[in-house]
Engineer: 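Sharing a structure with you now.
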Number of protein chains: 2
Amino acid sequence: MVSTGRNLPTLEDVARAAGVSTATVSRCLNEPGKVSEKTRDHVMQAVSKLNYSPNFGARAIAANRTGIFGAVIPTMENAIFARGIEAFQKSLVEKNGTTLVASSAYDPENEARLIRTMVARGADGLLLIGTERDPEIYTFLADRNIPTVIAWACSADPNQAYVGFDNRAASERLVAHAIGMGHRTFACISAPTATNDRARDRVLGARQAITTAGLDAAAMPIVETDYSIENGRSAFRQIAATASLPSLIICGNDVLAVGAIQAATAAGLDVPGDVSIIGFDDIELATVISPALTTVHVPHREMGRLAGDTLYSLVKDAAEPIRIELETRLVERQSLAAPKSMR
Amino acid sequence: MVSTGRNLPTLEDVARAAGVSTATVSRCLNEPGKVSEKTRDHVMQAVSKLNYSPNFGARAIAANRTGIFGAVIPTMENAIFARGIEAFQKSLVEKNGTTLVASSAYDPENEARLIRTMVARGADGLLLIGTERDPEIYTFLADRNIPTVIAWACSADPNQAYVGFDNRAASERLVAHAIGMGHRTFACISAPTATNDRARDRVLGARQAITTAGLDAAAMPIVETDYSIENGRSAFRQIAATASLPSLIICGNDVLAVGAIQAATAAGLDVPGDVSIIGFDDIELATVISPALTTVHVPHREMGRLAGDTLYSLVKDAAEPIRIELETRLVERQSLAAPKSMR
DNA sequence: TATTTCTATGTAATAGCTTGCATTTTCTGA
DNA sequence: TCAGAAAATGCAAGCTATTACATAGAAATA
């Protein structure tokens, strides 16, 4: 194990050097407003002269907080979470917080373990994705007074803070739009719905739109597969291998949709001429793929930023749960068009 | 401020419940081999009965370590860092570590501040990107015995651990390959080289290849701009606006290259017919853009994973600095072809 | 049996900072 | 100038786990 290094300066050393008490030095560092300017100058000079930086453990134990905020996300490899966490992190850095990040790979058990680890590592508050998890986790967090903010979804629990959007309604709107263009036959490529409430809601929204149009939602085949371009490709092939190709392929996110477009193109099909494909999220990939993807724009960055703001105020001011529902927006590009039968 | 929650059990509570001293309980938790089986059973029973979990701050101060590993990266929005950090994090989770992440937006001052913050937040070790930074930072870290691993580049300092690759050599190889195909006129789109050693090395590599071929490297115009697709587009326009279009555009990374391809296509140019464009990194975008991008593949995930392993062993075993140079690989796709003059 | 060697456990000294409360200094206004 | 209020500062009590060292007891050896 690594030793503590040459004996580093402590608060007391700084206090001595500045000719004040440790209390004053501590206040200089934590509540500079409470110290006179003259004293503060002296102290800060001593701080930088000694190159002092406070001992973390001591501070954590004395103040009973760490300034660390945890985020447990499904993966950093999807640009939406990378974006969101980047914004979350930036928001907290502005408030002198730091972000502890871990990804669960969409596995609930992993997630539960990581949440406990974060708490054991001193996280003052936690960002979680989606609402669905073992109730024991919520109890665990409540017992320890660790505030949480949920993002990417809205919670039904009135005491749960969140910054989310309505996955179901957004999906329903997009599919209804496609139905309005004439689509009548569908297939769906989704992430596994059993352990992913957002994915499930998106499928439910699509079904709802189909049902509302007087069509048979149960007839829509669904391929469940983890989010990746490659999986999108193979899911498309799987769908294309069945009797008749649907006119619209509804994808759980843009990554799957990009894979589907690639596979369709590779199979010699024209998108959207032979088959329309829609996504969800609106990441950069959606504009780079050809044809560009029609999708739902989710304000990921704003969500991350607001989640940071919200979590901070919960930790700092023990604020009442803040519940923010953001708007999504349909983005029409080239991968969705009226089906052949309509032309 | 949030209170500590209902008074949670302490080591002492557990000791009392198990009828032993706090030292024994501590040993049960940290070095179970040193305690007799009978005692251990008693203690563990008390632990789970009281639902005890050790206080983070107290542990940190007493043990002088936290199990927290920091990573200060330029941005999470570029897939390469998202990938790398994901792998880094995964490697450390396996070893019961947790990852503190912050992004500096390629700003050295930000980076310096974030490094200090991470240390102040108890990071046992740090992952940094690139070698170039204020020497004071290295002193600061050395004074505090905080091991660091550098990734994405190789350090000349024999005491500095790293897991990197040779940006310069990789770039030189790719450009030499293009020259071999007949290219004689060049332009370059790069991230600002003043504050980014990787970007600078890539430009140097390109220049080297040009010089080696007996051509005039100084004649190559360079547009410096932050990494983003949009900036790649406008940089291309800027280059295209000059007298004669070069046959090869060398981009500092894939993101810029994708933008350049889009702008070229939008301007009615054929890539690679009218102009060849090459990137660096090999991210997903490179395969999704059309024409697919010829680029240098960098093993980002492996780099992240190895950086995690390395950092852990430095912290844990105070191992000698481990220095790993990974191989990059040229990936030939469609955006590079022999120039018109050669056909 | 006496002596030595281990093993298991306990005692108590830290570790360094924050903060409630007490005290001193400075400011305000008559 | 001085009482009273406000601001600045100091005192010292925590906060909780780890671990060096001490000790007791068990096992091994002579």
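Per chain, numbering begins at 1; letters A, B, ... match sequence-line order. This one's a predicted model, so the numbers in the text were calculated from it and none came from an experiment. FYI, side chains are in, hydrogens and waters are out, and symmetry mates aren't considered; it's all heavy atoms of this structure.
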Engineer: Centre-to-centre under 6.0 Å for B:F81 and B:W152, is that the case here?
Structural biologist: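 B:F81 vs B:W152: aromatic centres under 6.0 Å.
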Engineer: Charged N to carboxylate O below 4.0 Å: is that the case for B:E77 and A:R301?
Structural biologist: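 A salt bridge is present here (some side-chain N lies under 4.0 Å from a carboxylate O).
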Engineer: Looking at the side chain of B:T10, which of D:dG10, D:dT16, C:dT9 is the nearest nucleotide?
Structural biologist: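 In terms of side-chain proximity for B:T10, the closest of D:dG10, D:dT16, C:dT9 is D:dT16.
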Engineer: Are B:D309 and B:K95 within salt-bridge range, i.e. N to O under 4.0 Å?
Structural biologist: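 So B:D309 pairs with B:K95 through a salt bridge.
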Engineer: Expressed as a whole number of angstroms, how long is the span from A:K38:NZ to D:dA7:C1'?
Structural biologist: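 Taking NZ of A:K38 and C1' of D:dA7, I get 14 Å after rounding.
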Engineer: Relative to the 5' end of DNA chain C, which residue comes earlier, B:A23 or B:A62, by the nucleotide with the nearest heavy atom?
Structural biologist: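 Its nucleotide being nearer the 5' end, the pick is B:A23.
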Engineer: Taking the six-membered ring of B:F88 (Phe, Tyr or Trp), confirm whether the NZ or CZ of B:R305 is under 6.0 Å from its centre and within 45° of its axis.
Structural biologist: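 No, B:R305 does not lie over the aromatic ring of B:F88.
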Engineer: Output the rounded distance in Å from CG (B:L11) to C1' (D:dA17).
Structural biologist: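 Whole-Å distance recorded here is 5 Å.
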Engineer: Let me know the distance between CD of A:E31 and P of C:dT18, rounded to the nearest Å.
Structural biologist: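 Roughly 9 Å, once rounded to whole Å.
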Engineer: B:S26 side chain N/O closer than 4.0 Å to the phosphate oxygens (OP1, OP2) of D:dT18?
Structural biologist: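 So the side-chain polar atoms of B:S26 do come within 4.0 Å of the phosphate oxygens OP1 or OP2 of D:dT18, strictly under.
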Engineer: Atom CG of A:N55 and atom P of D:dT16: how far apart are they, to the nearest Å?
Structural biologist: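 In whole Å, D:dT16 P and A:N55 CG are 17 Å from each other.
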Engineer: Looking across every strand, which nucleic acid part, if any, lies under 4.0 Å from B:V20 by heavy atom: base, sugar-phosphate, or nothing?
Structural biologist: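 The answer is sugar-phosphate, as B:V20 gets under 4.0 Å only of primed atoms, P, OP1 or OP2.
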Engineer: Does C:dA15 have OP1 or OP2 sitting under 4.0 Å from an N or O in the side chain of B:N64?
Structural biologist: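 Checking C:dA15 against B:N64, no side-chain N or O comes under 4.0 Å of OP1 or OP2.
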Engineer: On the nucleotide D:dA20, are OP1 or OP2 found under 4.0 Å from the side-chain N or O atoms that B:R27 carries?
Structural biologist: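 So the side chain of B:R27 is outside the cut-off, no N or O lying under 4.0 Å from OP1 or OP2 of D:dA20.
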Engineer: State whether A:F140 and A:R116 meet the cation-pi test: NZ (Lys) or CZ (Arg) under 6.0 Å from the six-membered ring centroid, and within 45° of the perpendicular axis.
Structural biologist: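 That pair qualifies as a cation-pi contact.
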Engineer: Please state how far atom CZ in B:R40 lies from atom P in C:dT7, giving the value in whole angstrom units.
Structural biologist: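 Whole-Å distance recorded here is 15 Å.
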Engineer: Looking across every strand, which nucleic acid part, if any, lies under 4.0 Å from B:V25 by heavy atom: base, sugar-phosphate, or nothing?
Structural biologist: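 Since no nucleic acid heavy atom lies under 4.0 Å of B:V25, the category is nothing.
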Engineer: Check this one for me: any side-chain N or O of B:Y52 less than 4.0 Å away from OP1 or OP2 of D:dA17?
Structural biologist: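 It does, given that an N or O in the side chain of B:Y52 lies less than 4.0 Å from OP1 or OP2 of D:dA17.
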Engineer: Tell me which nucleotide among D:dT9, D:dA17, C:dG16 gets nearest to the side chain of B:I61.
Structural biologist: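 So the side chain of B:I61 is nearest to C:dG16.
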Engineer: Among C:dT18, C:dA12, C:dT9, which is the nearest nucleotide to the side chain of B:T22?
Structural biologist: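 Out of C:dT18, C:dA12, C:dT9, the nucleotide with an atom closest to B:T22's side chain is C:dA12.
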Engineer: What's the CG-P distance between B:D41 and C:dA8, to the nearest Å?
Structural biologist: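 Between P of C:dA8 and CG of B:D41: 14 Å.
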Engineer: Between atom CD in B:E12 and atom P in D:dG14, what is the gap in whole Å?
Structural biologist: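 Answer to the nearest Å: 13 Å.
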Engineer: Assuming nearest nucleotide by heavy-atom distance, tell me which of B:S21 and A:G57 is located more 5' along DNA chain C.
Structural biologist: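 The 5'-side residue here is B:S21.
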Engineer: In whole Å, what is the span from the NZ atom of B:K34 to the P atom of C:dC6?
Structural biologist: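 So the NZ-P distance, B:K34 to C:dC6, works out to 15 Å.
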Engineer: So, OP1 or OP2 of D:dA8: does either fall under 4.0 Å of a side-chain N or O from A:S36?
Structural biologist: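 No, because none of the side-chain N or O atoms of A:S36 sits under 4.0 Å from OP1 or OP2 of D:dA8.
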